[in-house]
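Both ligands and their constituent atoms are indexed starting at 1 by order of listing.
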Amino acid sequence: MPRILIVEDEPAISFGLELDLKTDGYEVEVVEDGESAVRRGHEGGFDLIVLDLMLPKKDGFEVCRELRRGGIKTPILMLTARNLEVEKVLGLDLGADDYVTKPFSPKELRARVRALLRRGSSEEAGERYSFSDVEVDFARGEVRRGGVCVEMTPLEFQLIGVFVKNRGRVLSRDRLLDLAWGTDTHVTQRVVDNYIVTLRKKLEPEPAAPRFLMSVRGQGYRFDG
Ligand code: CA
């Protein structure tokens with residue numbers, strides 16, 4: 001039974017949500033402030049976190065940032081109070097997976113919850129990987145950004161696959177050449193740099209200030225997705 005953490009300080013909303021999600025067969029826990037959310041999120045065991053933005057003690061943005069910094073990958077569905085583009089973009093940049101704008105229909109929210117849980121289980125099977133607003137679909141050989149297909153060459157796709165499999169690890173240019181191009185290649189390390197520039201342009205929110213495809217001085221590159 002999937003377990004969902006609801007973080008919401010307005011009982012009128014959390015009560016209805018809890019009831020709906022329990023009816024759909026999920027196990028549900030509710031916390032009412034940002035600090036408890038960070039603590040429970042780190043303790044883990046949840047398949048999804050429904051996170052309100054306006055919370056006592058710590059707001060939803062801060063909760064999201066702290067969980068992602070702490071390496072917590074649990075999918076996060078944000079509840080944004082206003083229909084503000086800037087809030088959605090900031091939320092997704094901080095590592096939220098999706099958002100619903102208040103007031104939301106219970107039907108819509110339940111659909112989003114189902115979609116995120118499905119996505120989580122195909123990630124576990126290694127078929128898909130998501131970071132920021134990017135989704136790498138290994139089964140289909142596609143990369144989508146904000147739901148829109150990104151055009152990738154086979155080698156670019158291969159390279160992003162190498163990074164996903166080795167996320168958090170520094171990979172030297174030589175190692176990247178081995179893993180993505182193959183050992184009997186004659187391309188130079190410089191080519192790796194050019195490919196990284198291209199990938200950043202295609203996948204990073206700010207290619208000039210990368211957050212995912214990181215340069216590690218004197219060593220190579222590291223994917224922090
Ligand atoms: Ca609230």
When rounded to the nearest 0.5 angstrom, what distance separates CG in Asp98 from CG in Leu48?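 CG of Leu48 is found 10.0 Å from CG of Asp98.
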
Please report the interatomic distance CG(Leu5) to CD(Glu43), rounded to the nearest 0.5 Å.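 Between atom CG of Leu5 and atom CD of Glu43 there are 10.0 Å.
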
Throw together a table of side-chain donor-acceptor distances under 3.5 angstrom for residues 142-155, partners on residues two or more places apart or in other chains.
| from | atom 1 | to | atom 2 | distance (Å) |
| --- | --- | --- | --- | --- |
| Glu142 | OE1 | Arg144 | NH1 | 2.7 |
| Arg144 | NE | Glu135 | OE1 | 3.4 |
| Arg144 | NH2 | Glu135 | OE1 | 2.9 |
| Arg144 | NH2 | Asp137 | OD2 | 3.2 |
| Arg145 | NH1 | Lys202 | O | 2.9 |
| Arg145 | NH2 | Glu204 | O | 3.1 |
| Thr153 | OG1 | Glu156 | N | 3.1 |

Is the centre of the Phe163 ring less than 6.0 Å from the centre of the Phe212 ring? no

Which N/O/S atom belongs to [X] and is the closest one to the Ca ion (ligand 1)?
X	value
Asp9	OD1
Asp52	OD2
Glu10	OE2

